[in-house]
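Take a look at the structure set out below.
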Amino acid sequence: MNKYIKLNRIEFVVTDSCNGRCKHCSVGVRDGVSSVIDSEKAVQVIEHLSSVFSIESIMTFGGEPLIYPEIVTRIHKKAKDKNIAKRQLITNGYFSKDEKRIHQVADEIYQSGVNNIIISVDAFHQEYIPFEPVIMFAGILFEIDTSCVRISPAWIDSKESKNIYNDETTRLLRRFTDKGIPVDDGNIIFPAGNALVNLKEYFPEPCENILDLSCGDLPYTGRLDDVTSLSIDPDGNVKICSITIGNIYETDISEIVTRYNPEKDPLLSLILKEGIKGLKQYAITLEISVDLSEVYSACQACGIIIAAIKEYICSREI
């Protein structure tokens with residue numbers, strides 16, 4: 001067993017396709033042809049990793065994962081078979097306007113073993129996504145099992161902040177709470193992707209001290225030498241944070257996790273020893289110019305600098 005990896009969670013980005021064009025989306029405009037994960041490879045990943053690690057939770061999201069409900073259900077059926085306790089799905093709740101189809105998919109999702117369905121509802125999603133099919137979908141799931149579904153909104157600045165988007169989100173959420181469907185605290189919109197283009201006036205200036213932070217300092221992050229979660233993209237890339245450590249279409253997942261050694265990777269080792277500041281200094285020594293003027297987190301800075309260094313290295317090898 002790899003001493004650097006102590007997995008308890010696997011995340012699958014089912015597809016990078018989306019039926020929304022939300023102005024707050026942190027991903028932003030997607031270039032190129034959209035892709036979808038190979039369900040056979042995904043279940044193989046679950047089969048192997050659950051036999052080696054004590055996997056406690058699995059998540060499917062996107063893009064919009066319910067564009068491909070058959071892939072979502074297959075992944076969660078395998079997770080259920082492997083006794084993975086928490087089986088999550090994040091969706092905008094819109095995949096059809098047909099009531100019969102909405103009932104069918106809701107039932108299939110629940111029967112596949114998904115026990116934590118998080119539906120994103122707010123002013124941003126509903127600018128492009130029809131509301132009635134979403135509330136119908138949530139209501140059907142709530143009738144099946146009151147504990148399996150909840151609504152999760154996105155807020156600007158905070159839930160309490162007064163602005164046109166938060167006001168509209170609050171109005172929409174009442175439609176769910178009136179039916180007894182639970183609404184969680186949601187999340188605060190992060191300044192990246194579309195949000196940084198469309199909502200910039202709502203964000204503070206970028207922090208000047210982000211380069212002083214290290215892996216694990218920010219919420220939902222961990223150290224590169226103590227990995228508890230992996231994310232797998234539709235193109236097969238296996239990621240720790242934003243760092244790709246292999247591809248399941250090219251290499252078996254068992255080999256990817258076995259060979260992972262951040263101390264032997266020059267860039268990962270540098271991050272562990274000297275943080276993002278050391279990584280930037282290394283880029284400077286290579287005479288690589290990196291623009292961090294609109295970077296709002298250490299993770300963003302890390303991803304941008306690593307990408308620039310790798311591009312430089314590839315150009316030298318050609």
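All values below come from the heavy atoms of this structure, side chains included, with hydrogens, waters and symmetry mates left out.
Of the possible donor and acceptor atoms, none in the side chain of Ser161 sits under 3.5 Å from a partner among the backbone N and O of Asp157. Using modelled atom types, one side-chain atom of Asn19 and one backbone atom of Tyr94 make a donor-acceptor pair closer than 3.5 Å. With hydrogens and angles ignored, the 3.5 Å screen pairs no side-chain donor or acceptor of Asp38 with any backbone N or O of Tyr249. Judged by distance alone, the side chain of Gln104 and the main-chain N or O of Lys100 form no donor-acceptor pair under 3.5 Å. Remark: the backbone N or O of Cys148 is not paired with any side-chain donor or acceptor of Asn116 at under 3.5 angstrom. One N or O on the side chain of Asp122 and one on the backbone of Ala154 form a donor-acceptor pair closer than 3.5 Å. With hydrogens and angles disregarded, no donor-acceptor distance shorter than 3.5 Å links the side chain of Glu168 to the backbone of Ile164. Judged by distance alone, the side chain of Thr251 and the main-chain N or O of Gly246 form no donor-acceptor pair under 3.5 Å. Side chain of Ser112 to backbone of Ile109: a donor-acceptor contact under 3.5 angstrom is found. Under a 3.5 Å cut-off, the side chain of Asp265 and the backbone N or O of Leu268 do form a donor-acceptor pair.
Just one residue in the list Ile284, Ile305, Ile309 forms a side chain to side chain contact (heavy atoms under 4.5 Å, CB included) with Val290, and that residue is Ile305.
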Carefully, step by step, assess Thr91 and Glu64 under the rule side chain to side chain contact (heavy atoms under 4.5 Å, CB included). CA-CA 6 Å; Thr91 172; Glu64 176 42 53; 2.7 Å; yes
Residues Gln111, Lys77; criterion side chain to side chain contact (heavy atoms under 4.5 Å, CB included); working and verdict: CA-CA 8 Å; Gln111 294 302 324; Lys77 282 178 181 176; over 6 Å; no
Go through the steps for Tyr202 and Asn163 under the test side-chain hydrogen bond (donor to acceptor under 3.5 Å, both in side chains), then give the verdict. CA-CA 9 Å; Tyr202 292 99; Asn163 56 71; 5.3 Å; no
Could you give me the CA-CA distance, side-chain angles and deciding distance for Ser35 and Asp16, then say whether side-chain hydrogen bond (donor to acceptor under 3.5 Å, both in side chains) is met? CA-CA 6 Å; Ser35 55; Asp16 48 20; 3.3 Å; yes
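With hydrogens and angles left out, the side-chain atoms of Asn92 and Ser120 include no donor and acceptor closer than 3.5 Å. For the residue pair Thr60 / Gln88, no side-chain donor-acceptor distance below 3.5 Å is found, with atom types taken as modelled. Judged purely by distance below 3.5 Å, without hydrogens or angles, the side chains of Glu263 and Tyr4 pair a donor atom with an acceptor atom. Side-chain polar atoms of Ser96 and Asp98 form no donor-acceptor pair below 3.5 angstrom.
In this structure, the separation between CG on Leu292 and SG on Cys302 is 11.0 Å, given to the nearest 0.5 Å. The CD atom of Glu47 lies 13.5 Å from the CD1 atom of Ile253; values are rounded to the nearest 0.5 Å. Here the OG1-CD distance, from Thr73 to Glu108, works out to 6.5 Å after rounding to the nearest 0.5 Å. Within the model, atoms NE2 of His24 and CZ of Phe190 stand 14.0 Å from one another, a figure rounded to the nearest 0.5 Å. Atoms CZ and OG, on Arg74 and Ser39 in that order, are 4.0 Å from each other to the nearest 0.5 Å.
Looking only at side-chain heavy atoms (C-beta outward), Phe137 and His103 stay at 4.5 Å or farther from each other. Side-chain atoms of Thr15 and Ile37, non-hydrogen and from C-beta on, never get closer than 4.5 Å to each other.
One finds no salt bridge joining Lys97 and Glu132 here, because no Lys/Arg side-chain nitrogen approaches an Asp/Glu carboxylate oxygen to under 4.0 Å. Note on Lys86 versus Glu56: no salt bridge recorded, every NZ/NE/NH1/NH2 to OD/OE distance being 4.0 Å or above. Using a cutoff of 4.0 Å between basic side-chain nitrogens and carboxylate oxygens, Glu11 and Arg9 are scored as salt-bridged.
The hydrophobic clustering, which links ILVMFWY residues whose side-chain heavy atoms are closer than 4.5 Å, places Phe176 and Leu89 together.
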